[in-house]
Each structure stands twice: as C-alpha cells, then as structure tokens.
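Keep in mind that the numbers below use all heavy atoms, side chains included, and drop hydrogens, waters and symmetry copies. Every number for a ligand or one of its atoms is a count from 1 in the order of the listing.
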Amino acid sequence: MKLVTSLTSPYGRKVRVVLAEKKIPYNLQVENPWLPDSPVLAVNPLGKVPVLVLEDGVSVFDSRVIVEYLDHVSPVGHLIPAELKSRMVVRGVEALADGVTDAAVALYLERKRPPGQQSADWLLLQERTLFRGLEALSEALGENAWYLGNAMTLADVASGCALGYLDLRFPDIDWRSAHPNLAKLAAKLATRAAFKDTVPVV
Ligand code: GSF
C-alpha cells in the first residue's frame, strides 16, 4: 500500500506513526496538496492528504478512516480498543486532538493571507477553539501516564501529533507551561522511533 501525504501534515503524521507502531510496510509518496494540479486530486476528490491507496487501487481517507483500517488489518499493537466504552474514550480524544489541529491549521492559513485580507474575528474564533481544545486534552489526560489504561493508544498518538504541529507552526504558544501533563506526554512520545522518524520537515 501507498501513503500519499505531505511531510508537514499533522494528520499524515498520525497515520505514519500508526503505520510505524504497527510495523506495517508501505510506500511513501510525498505530495503538496496546495498545488493547483496536485497529484493528490487523482486519489482524493477533496484534494487533501493523507490518502492511503490500497493494492487494488482503492483510496482510503481521511486520517480517521485510515487509522481505523490500519488497526483492523494488522493485529500488531492494537491502538483502538474493541470494547465500546474504551473505544469511545480513545476516538473522542482523537476527535479533540484533530479539532485542535484543525483550528491550528485554520489559524496558520489565515495568518499567511495578506494582512488586509485577514479576518480578526475568524482568527479569534480559531484561537479560542485551539486553547479550549488544549485545555480539554489536558483535562482528559489528568495525571495519568496515558489517556486510557496503561498503554499507548490512538488517543496519545493523536494528541502528540497535535502538540507537535503547534511546535512546528506556533513556537510562541507555550502550551508546556500551561499544561505540564501534556508536556510530559509529549516528551515520552518523542522518545519513540515512530515519533522521532516523523518530526515535521519544512
Ligand atoms: C484533514 C486533512 C487536511 O486538512 C484528515 O485527514 O484527518 N480531516 C482530514 N489536510 C490538509 C493538509 S494539512 O493541513 O495536514 C490538506 O490536504 N489540505 C489541502 C486542501 O486543499 O485543503
């Protein structure tokens, strides 16, 4: 199978971490989804990355559908629990982390527009969402080592990728001081090969 992604996409990183943790071999096709004639359009009508292209040519997107697929195809190191309540906890934290990422991406893109065209209201809305989301990610973790039980799950992976994206695009946001528990989690994740090997490259 082939993963089409950019090397800065936090959603793409989530998928790459899952592939590495589950030791699933794949080919990487690096693409820029923002180019007008991006090859991404050939595999995803939405033109977004990541996209997983299976051996039979079927395209799987978005990142949440891809990780669901990957966790099913390989029994190695399950990251999504089978039991419903636990599953909802993990997928809920993933949704929260992806929401933080969505707000951060929206902020980043808006700030890249010419100053006269930027909307102060839109920037404020995204900023508020981002900080509320971070607060909730921190509360959900509390003083636990992982979001669920005593092993890493997709919740930790998604949270780690959201935090990594903040470091990439918003080094001025001092989320470590505001949320030492998230800082501890991020430091622990950063020691894993799957995270080390997928640090965003600009
Ligand atoms: C988000 C993908 C996305 O926005 C997912 O896979 O979880 N919900 C989706 N990808 C961005 C790149 S990035 O900011 O990671 C993308 O491909 N944008 C291109 C576009 O045209 O919006």
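The backbone N or O of Ala194 lies less than 3.5 Å from a partner atom in the side chain of Thr198, making a donor-acceptor pair.
Those atoms of ligand 1 that come under 4.0 Å of a heavy atom in Val105, given as number and element, are 14 (O). Set against the non-hydrogen atoms of Pro50, the atoms of ligand 1 under 4.0 Å away are 6 (O).
Side-chain contact annotation: Tyr11 with Thr101, donor-acceptor N/O pair under 3.5 Å absent.
The protein heavy-atom contact nearest to atom 8 (N) of ligand 1 is Asp62 OD2, 2.9 Å. In this structure, atom 15 (O) of ligand 1 lies nearest to the protein heavy atom Ser9 OG, 2.6 Å. Nearest protein heavy-atom neighbour of atom 22 (O) of ligand 1: Lys48 CE, 3.4 Å. Residue, atom and distance of the protein heavy atom nearest to atom 10 (N) of ligand 1 are Val49 O, 2.9 Å. Among all non-hydrogen protein atoms, the one lying nearest atom 7 (O) of ligand 1 is Ser63 OG, 2.6 Å.
Only the side chain of Trp34 comes within contact range of ligand 1, with a heavy atom under 4.0 Å; no backbone atom does.
In terms of polar-atom proximity, defined here as any N/O pair under 3.5 Å, Tyr11 makes no such contact with ligand 1.
Taking 4.0 Å as the cut-off between side-chain N and carboxylate O, Glu55 and Lys2 do not count as a salt-bridged pair. A salt bridge links Arg87 with Glu68: the distance from a Lys NZ or Arg NE/NH1/NH2 to an Asp or Glu carboxylate oxygen falls below 4.0 Å.
Residues Leu28 and Val201 share a hydrophobic cluster, clusters being chains of Ile/Leu/Val/Met/Phe/Trp/Tyr side chains in contact below 4.5 Å.
Just one of Val60, Val65, Val18 meets the side-chain contact (heavy atoms from CB on, under 4.5 Å) condition when paired with Leu70; it is Val18.
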Carefully, step by step, assess Ser6 and Asn32 under the rule side-chain hydrogen bond (donor to acceptor under 3.5 Å, both in side chains).
CA-CA 6 Å; Ser6 74; Asn32 178 351; over 6 Å; no
